[in-house]
Enquirer: 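Have a look at the structure that comes next, please.
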Amino acid sequence: MRAVLESLYRLSGALAAVGMIFTLVMVAAGVFTRPFNIYLPGTDDYAGYAMAACGFLALAYTFKHGEHIRVSLVIERLGPGMRRVAEWFAHGAGVVVASMLAWYAVRLAWQSHEFEEISQGIDATPLWIPQLSMAIGSVILLIAVVDDFIQVSLGREPQRLAKASAEEMAHME
């Protein structure tokens, strides 16, 4: 199960990276065609959709790398017993917040589909399509937060994705 979860978090991060590249391509296309009086309709809108997808799809990946901002000033000063209670409470609160985010993101995409909402821009994209990345990213974040909550509840350290070694990074270039 651990391998499946880690693959899900990595896939989410990879999709966020693809969204970043797509954002770059859309912005560059708009910038480079303007001097030639060529207008590519929808590039600004699609760049915005891709940027939103990047943010939401990267949530779980960055969370599982321990890269989200966490204020541990109080928790570090607690004894082992109270620290475990504080960690459990903090992760429980995280589950509540992530659940609400996932619920409302999924509901928004579903309602946009039901009401056949389209974007205000020239592209007239059905809004549920870009909102789907927000819903998927939120649900994957919820899975990651619940994963950590379960680990903390069992008295274990939450699992973090391994950082790529220098050798792996060299092969990626």
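This structure is a prediction, so every number in the text was calculated from the model and none was measured.
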Enquirer: Considering only Ile, Leu, Val, Met, Phe, Trp and Tyr, and joining two whenever side-chain heavy atoms are under 4.5 Å apart, list the other residues clustered with Leu40.
Expert: Phe36, Ile38
Enquirer: Taking the side chain as every heavy atom from C-beta outward, state whether Pro130 and Thr125 have any pair of such atoms under 4.5 Å apart.
Expert: yes
Enquirer: With a 4.5 Å limit on heavy-atom distance, are the side chains of Arg160 and His65 in contact?
Expert: no
Enquirer: Please determine, by modelled atom types, if Glu67 and Thr62 share a side-chain donor-acceptor pair under 3.5 angstrom.
Expert: no
Enquirer: Compute whether any side-chain donor of one residue and acceptor of the other, for Tyr49 and Asp44, lie under 3.5 angstrom apart.
Expert: no
Enquirer: Any side-chain heavy-atom pair from His91 and Pro158 closer than 4.5 angstrom?
Expert: yes
Enquirer: Please indicate whether Phe89 has more than 12 foreign heavy atoms, meaning atoms of other residues, nucleotides or ligands, lying under 6.0 Å from its CZ.
Expert: no
Enquirer: To the closest 0.5 Å, what do you measure between CD1 (Ile118) and OG (Ser112)?
Expert: 11.5 Å
Enquirer: Give a yes or no on whether Tyr61 atom OH has more than 12 heavy-atom contacts from other residues, nucleotides or ligands under 6.0 Å away.
Expert: no
Enquirer: Tell me, do Leu132 and His113 make a side-chain contact under 4.5 Å, heavy atoms counted?
Expert: no
Enquirer: Would a 4.5 Å heavy-atom cut-off, applied to side chains only, mark Ile140 and Leu8 as touching?
Expert: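 Answer yes - side chains close enough.
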Enquirer: How far does CE of Met134 sit from CZ of Phe56, to the nearest 0.5 angstrom?
Expert: 5.5 Å
Enquirer: Would you tabulate the side-chain donor-acceptor contacts of residues 18-25 under 3.5 Å, counting partners in other chains and residues two or more places apart, or write 'none'?
Expert:
residue: Thr23; atom: OG1; partner: Gly19; partner atom: O; Å: 2.8
residue: Thr23; atom: OG1; partner: Met51; partner atom: N; Å: 3.4

Enquirer: Which residues pass the side-chain hydrogen bond (donor to acceptor under 3.5 Å, both in side chains) test with Gln120, sequence neighbours left out?
Expert: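 Scan of Gln120 (side-chain hydrogen bond (donor to acceptor under 3.5 Å, both in side chains), adjacent residues dropped) gives none.
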